[in-house]
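This report concerns only the one structure given below.
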2 protein chains.
Amino acid sequence: MDPVTIKDIARALNLSTSTVSRALRDSYEISPETKRLVMEYAERLNYRPNPIALSLKGSSSKALAVIVPQIANNFFSQAINGIEAIAYNRGYHVIIFQTHESYEREMANVQQAVARRVDGLLLSLSSETSDVAHLHALHAQGVPLVLFDRVAPDLPVTQVVADNFGGAYAATSHLLQTGRRRIAHLTIPPYLSITQERLAGYRAALEQYGVAFDENLVRYGTFGPDEADELVEQLLAQEPRPDAFFTASDRLALGCLTALRKRGIRIPEDISLIGFTNLPAAEMLNPPLSTVTQPAQEIGQLAAERLIELIERKQKASPPATVKLPTTLLVRESSAPPVRAEADFRIGL
Amino acid sequence: MDPVTIKDIARALNLSTSTVSRALRDSYEISPETKRLVMEYAERLNYRPNPIALSLKGSSSKALAVIVPQIANNFFSQAINGIEAIAYNRGYHVIIFQTHESYEREMANVQQAVARRVDGLLLSLSSETSDVAHLHALHAQGVPLVLFDRVAPDLPVTQVVADNFGGAYAATSHLLQTGRRRIAHLTIPPYLSITQERLAGYRAALEQYGVAFDENLVRYGTFGPDEADELVEQLLAQEPRPDAFFTASDRLALGCLTALRKRGIRIPEDISLIGFTNLPAAEMLNPPLSTVTQPAQEIGQLAAERLIELIERKQKASPPATVKLPTTLLVRESSAPPVRAEADFRIGL
DNA sequence: ATCGTTCCCGGCAACGATTGCACAAAAAAA
DNA sequence: TTTTTTTGTGCAATCGTTGCCGGGAACGAT
């Protein structure tokens, strides 16, 4: 019941393996008669070439490695969804690796992927990774590599990202336009490109509106569970208290919401809240959560397309470039203008 | 810059490949001196055995296939998380396939996985799959296979599931205990084992409380987008109107919530709602959503452990069995007893 | 001196598929 | 008929690794 090999066919038809191989590939040097025989027999036995033997012989394994911090994360699972869709259509398989936000693990995973002779890698950096020497080495070896979402701008490889700066700028501007001035930013570990870009967008908007940047209003999380509560606690202790929270991830937005409501703080009356998240439930939260959404699936698709292009047209593929996809600010109740502010405004008139 | 092979080492050290191979595996028939030489040189060149060559030679590829309907689904991404964790520790890689709920695709994916010579398969059936002949064939071929979540009870293979019956029974009982009598059940496609088990739990609870089962209160969705709205519409048209909704998935629970609130129906005052979902945001929804949660990650872990055991102790592994993990009913506001009911109760006294 | 052991190591084959080259038979040209 | 060309097929190497067999050297025992 073992898989059928080309040898089995050769033996059965009293031919050599070479003839069978050529017949199957429809080579011109095989007689139509023999071809027919071979093809029919192969069909009947449901012959499938052994991809392992092919990988060993040639250099293509028709497999892509995807290395992400966490699969169980909305953004990444959507991105992988996009990657898998493209890969499947192009005849590639997807091997998944999780770094669990560990630099060690990231390096080990890259090693493993290379050892597995994947045709290319799609990678989103772990939050611990500040040194990308391992990726430089990879690139120097000529291994096709595309970074997505959490990228390393210095690396001369194709990178696919969302417009994190723009999203953060839009979110912060919106908060400022609705009268908020003490805007706290709860964010993710500082090494990450996305952290820096979002922070930059946040600062740019503040500057635009002439609000001084206050370092104390920025707090870095670590993807730990329930860490939002403590960060919120610290921020609420500030004097004067923040009147808006802008968070940089799904988990933080949710944690923040929980923490604020636990303390009886009204959203948006007391504090306005915007997340940077792909949660499908955002609209049904209490209150409906304003968010900056990213085209996660498209990012995955684009990254996979670029990688495959790189693999298949090795040398003359389009040069490394950073592709930036737009983010969208969805304004919902959690960042509505405070009623009091409006009232004050009228009184002021 | 190509990967170092055993041949390179042999050439450099003026040894035969066999000797190098044995030295690296610390064989007793190689002199300590030679071993040292080889080991050191291999270390220096950062030699890694080519897993493809190993797969071709031996029959183990150290890769597992995971076939699921959708990665971008909370339950499955958590399960895959568990699978990957176990696999990684045991030296296996995980190759992901999505069926997108298509039977065709499921068969194609199984084929592909087998062609790839994976050491085993972890599979959760597509909702279109009613015939599992392809899996029988697989099992007959001796390919290690473990099903999880959406299983096929007739198949003589190990299956890992959540206690769907128990969860549905608990949810329905809770609704009945809080005074609901017209309990609608919005569920997923009927072929699925989990659909049937949940339906059975729902019916068992109704029977227990002497409430007649009404087929018109059960509606099947198809994982399509926004389908909940129409199903809700149909159910609300019933006379008398349902006073509770019990849904069988994340998407349906959320869709249901949206649909009900859109129509100005109060939850739980007018209609009580319970989902069967792993949404981390359930508690922060408006109102906080009562749910039956499943240990998704544990299911993945257990399935992976069983599969690896099957692979490594091929013949004398524990016989096929169905492992059932407990589900948990989390009661939140969305299924609180209606205030009116309490008032009526007091008046009745 | 010869034989038997033990210890180290090399050569060959094999896993499945592809491919350049050679070679045979048949057909075409001389 | 002989030579050339064409056509169809087989052999063997290759990819990286390991299992099996066999062989040479050193040593002790007879």
Side-chain angles (χ1 to χ4, degrees), chain A residues 1-39 41-43 45-63 91 111-119, chain B residues 1-39 41-42 45-63 91 111-112 114-119:
Chain A
M1 213 35 105
D2 280 336
V4 185
T5 75
I6 216 168
K7 277 190 194 169
D8 300 326
I9 302 181
R11 229 189 333 266
L13 266 46
N14 210 16
L15 289 170
S16 77
T17 58
S18 352
T19 305
V20 175
S21 170
R22 272 181 283 240
L24 289 171
R25 327 198 91 245
D26 205 22
S27 161
Y28 66 98
E29 32 181 9
I30 300 294
S31 72
E33 175 60 14
T34 309
K35 274 188 201 168
R36 198 183 49 74
L37 262 170
V38 173
M39 301 264 210
Y41 192 77
E43 180 71 23
L45 263 64
N46 196 25
Y47 166 78
R48 293 277 174 276
N50 183 333
I52 296 185
L54 290 180
S55 313
L56 184 56
K57 184 82 178 70
S59 50
S60 157
S61 64
K62 287 286 180 184
Q111 283 288 337
Q112 296 259 2
V114 173
R116 279 252 155 202
R117 305 294 195 275
V118 295
D119 291 343
Chain B
M1 215 31 108
D2 280 335
V4 184
T5 76
I6 218 168
K7 276 191 196 170
D8 300 328
I9 302 180
R11 232 189 331 265
L13 265 47
N14 211 16
L15 290 170
S16 78
T17 57
S18 341
T19 305
V20 175
S21 170
R22 272 175 293 229
L24 290 171
R25 328 197 90 244
D26 205 20
S27 160
Y28 67 96
E29 30 180 8
I30 300 294
S31 73
E33 175 60 13
T34 309
K35 277 188 198 166
R36 199 185 47 76
L37 262 172
V38 173
M39 302 259 209
Y41 192 76
L45 263 64
N46 197 25
Y47 165 79
R48 294 276 174 276
N50 183 332
I52 296 186
L54 288 179
S55 313
L56 182 57
K57 189 89 182 61
S59 51
S60 156
S61 64
K62 286 288 180 183
Q111 283 289 336
Q112 296 260 1
V114 173
R116 277 251 156 206
R117 306 294 195 275
V118 295
D119 291 343

(request) Go through C/dC21, D/dT18, D/dG16 for me and flag the one nearest to the B/A53 side chain. (result) D/dG16
(request) Take the protein atom CD1 of A/I6 and the nucleotide atom P of D/dT14, then report the distance between them rounded to whole Å. (result) 19 Å
(message) Using heavy-atom distances to pick each residue's nearest nucleotide on DNA chain C, tell me which of B/K57 and A/S21 is more 5'.
(response) B/K57
(message) Between C1' on C/dA17 and CZ on B/R117, what's the gap in Å once rounded to a whole number?
(response) 11 Å
(message) Does a side-chain N or O of B/K7 approach OP1 or OP2 of D/dC15 to a distance below 4.0 Å, or not?
(response) yes
(message) Can you confirm whether the side chains of B/S16 and B/T19 place a donor and an acceptor under 3.5 Å from each other?
(response) yes
(request) Indicate, with a heavy-atom threshold strictly under 4.0 Å, whether A/D8 touches base, sugar-phosphate, or nothing. (result) nothing
(message) Return whichever of B/Y47 or B/E29 has its heavy-atom-nearest nucleotide of DNA chain D closer to the 5' end.
(response) B/Y47
(request) Determine the contact category for A/I52: base if any of its heavy atoms lies under 4.0 Å from a base atom, sugar-phosphate if only primed atoms, P, OP1 or OP2 are that close, otherwise nothing. (result) nothing
(message) Keeping A/R22 on the side-chain end and A/V20 on the backbone end, is there a donor-acceptor pair under 3.5 Å?
(response) no
(message) Without decimals, in angstroms, what is the distance between B/N50 CG and C/dC15 P?
(response) 18 Å
(message) Quick check: closest heavy atoms across B/A63 and A/R116, and the distance to 0.1 Å?
(response) CB-NH1, 3.8 Å
(message) What's the closest nucleotide to the side chain of B/S18 if the choices are C/dT18, C/dC21, C/dG10?
(response) C/dG10
(message) Measure CG/A/L13 against P/D/dT9 and give the value in whole Å, please.
(response) 11 Å
(request) Tell me which of A/L56 and B/R22 sits closer to the 5' end of DNA chain D, going by the nucleotide each one is nearest to. (result) A/L56
(message) Without decimals, in angstroms, what is the distance between A/L24 CG and C/dA17 P?
(response) 9 Å
(request) Taking only the side-chain nitrogens and oxygens of A/T34, find out if one of them lies under 4.0 Å from OP1 or OP2 of D/dT9. (result) yes
(request) Side chain of A/L54 only, please: which of C/dA17, D/dG16, C/dC9 is the nearest? (result) C/dA17
(message) Please report the distance, rounded to the nearest Å, between CZ in B/R48 and P in D/dT17.
(response) 12 Å
(request) Look at the side chain of B/S16 and decide which nucleotide, out of D/dG10, C/dG10, C/dT18, has an atom nearest to it. (result) C/dG10
(request) Whole angstrom is fine here: how far is it from NZ in B/K62 over to P in D/dG16? (result) 22 Å
(request) Would you indicate, yes or no, if C/dC9 has its OP1 or OP2 atom less than 4.0 angstrom from a side-chain nitrogen or oxygen of B/S31? (result) yes
(message) For B/T34, is there any backbone N or O sitting under 3.5 Å from a side-chain donor or acceptor partner on B/S31?
(response) yes
(request) Starting from P on C/dC8, measure out to CG on B/D26 and report it in whole angstrom. (result) 13 Å
(message) With a 6.0 Å cut-off (strictly less than), is the heavy-atom count around CD of A/E43, excluding the residue itself, greater than 12?
(response) no
